[in-house]
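These numbers were taken from a predicted model, which means no experiment stands behind them. Basis for what follows: all heavy atoms, side chains included, without hydrogens, waters or symmetry-related copies. Residue numbers count from 1 along this sequence.
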Amino acid sequence: MKIKTRRYYIYYLLRSGLFLLSLFPLKAGLFLARLGGKVAFRLLEKYRMTALENLSKYYGRDEQINERTAEGVFVNLAKNGAEWIKLYSMPRRYIDKIITEVEGAEKLDAVLSEGRGAVVMGFHFGNWELLGIGLREKGYEGALVGRKIYFHKYDKLITRMRGRFDARTIYRDQSPREMLKVLRQGKVLGIVPDQDVKGIDGVFVDFFGQPAYTPTAPVKLAMAARTKIVPVLVIRKQDDTHKIVVEEPIEVKKNVPGEDAVKFYTQKWSDVLEKYVRLYPEQWVWIHKRWKTKIEDKNRAVEHTAPGVT
């Protein structure tokens, strides 16, 4: 009961903060966010240490560069929050002032022209919340697959903001039929699967030279709908506007000689993400424990549940 009460207090504090910050112009909000991100980097030791550990272990640059990069991650996340707050209150027409460029839209159009929809692969990169909103404002219809936040007021707050831009959400624990329905209607199905999530089907693929447990749902959905995966990223530019970049579509085939198809294509989209993280390391969420699941842990789990094992 105490936890539940605390959640309500935090929620109403958040709503008050949203209201106050919405009164500031976006540029002022971004300036404050930059300062807030730097402060958060110093205060949130747990997440700072996770980011620094990930960068030193997997990215491999020197300590000073990693510290600057990690601080940049916090600043980018704070700016994401400032933009999210502003989107909650600003007229829809202002989205064009935030997303000023879409590069490679013709690639997505070509996939959609085949009539089987497109699995749009987003990532926790840049300001990823702008992806579904931006594509919807550019005329692309469909739905986003998201995680349900089990405190209903938080969940409603996020879905209401997306709903302002007609960005429909399908929760990832809903039936896959709901997701396939979107694809079979020839629309976009947006998924953000670049995290290590317990309880979700996945495979280990190479990510920054280490095995990373990665969800297989995007590839399986593309196979079932006989469509393609289209990696799309939102990149923050130096002037704090954003560019949506549509990468080359990945044609998913069930027959891949000498390889397991699901793992093969999961590796392909993971390689796209790694390329962009190397280009813009401060725009990815290094604060997430991306490599927390180990191969040996999964093997032990399989052995433990195998028939006949006591």
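Look at E247 and K275 and you find a salt bridge, because one of the NZ, NE, NH1 or NH2 atoms lies within 4.0 Å of a carboxylate O, short of that distance. A salt bridge links K228 with E114: the distance from a Lys NZ or Arg NE/NH1/NH2 to an Asp or Glu carboxylate oxygen falls below 4.0 Å. Under 4.0 Å is where a charged nitrogen must lie from a carboxylate oxygen, and between D96 and K138 at least one such pair does. Looking at E67 and R42, a side-chain N of the basic residue comes within less than 4.0 Å of a carboxylate O on the acidic one, giving a salt bridge. Ion pairing between a basic and an acidic side chain is recognised when a charged N comes within 4.0 Å of a carboxylate O; K79 and D240 show such pairing.
Among all heavy-atom pairs drawn from V262 and T266, the shortest one is O-OG1, 2.7 Å. Minimum heavy-atom separation, V73 to P281: CG2-O, 4.1 Å. M223 and K253 make their closest contact through CE-O, 3.8 Å (heavy atoms, listed as atom of the first residue, atom of the second, distance).
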- Could you walk me through whether V245 and V102 pass side chain to side chain contact (heavy atoms under 4.5 Å, CB included), step by step? CA-CA 6 Å; V245 177; V102 180; over 6 Å; no
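Residues K237 and T100 bring a donor and an acceptor atom of their side chains to less than 3.5 Å of each other. At a cut-off of 3.5 Å, with distance as the only test, a side-chain donor of H242 or E83 sits close to an acceptor on the other residue. Between the side chains of N66 and S56, no donor N or O sits under 3.5 Å from an acceptor N or O. N127 and W84 share no side-chain donor-acceptor pair at under 3.5 Å. Between Y265 and D260, the side chains place no donor N or O within less than 3.5 Å of an acceptor N or O (distance only, hydrogens not considered). Checked by atom type, the side-chain pair R236/N76 shows a donor-acceptor distance below 3.5 Å.
The environment of CD in E106 is crowded: more than 12 heavy-atom neighbours from other residues, nucleotides or ligands sit within 6.0 Å. Other residues, nucleotides and ligands contribute at most 12 non-hydrogen atoms within 6.0 Å of the NZ atom of K181.
Screening V234, I133, L130 against I98 for a side chain to side chain contact (heavy atoms under 4.5 Å, CB included) leaves a single residue, L130. Checking V205, V203, T214 one by one against Q267, the side chain to side chain contact (heavy atoms under 4.5 Å, CB included) holds for a single residue, V205.
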Atom pairs and distances, donor-acceptor, side-chain atoms in residues 26-34, under 3.5 Å, two or more places apart:
none

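Note that R48 lies outside the cation-pi zone of F74, set by a 6.0 Å cut-off to the ring centre and a 45° limit from the axis.
Taking the six-membered ring where tryptophan is involved, the planes of Y280 and Y276 are essentially parallel, since the angle between them stays under 30° and well short of 60°. Taking the six-membered ring where tryptophan is involved, the planes of W291 and F208 are perpendicular, since the angle between them exceeds 60° and thus also 30°.
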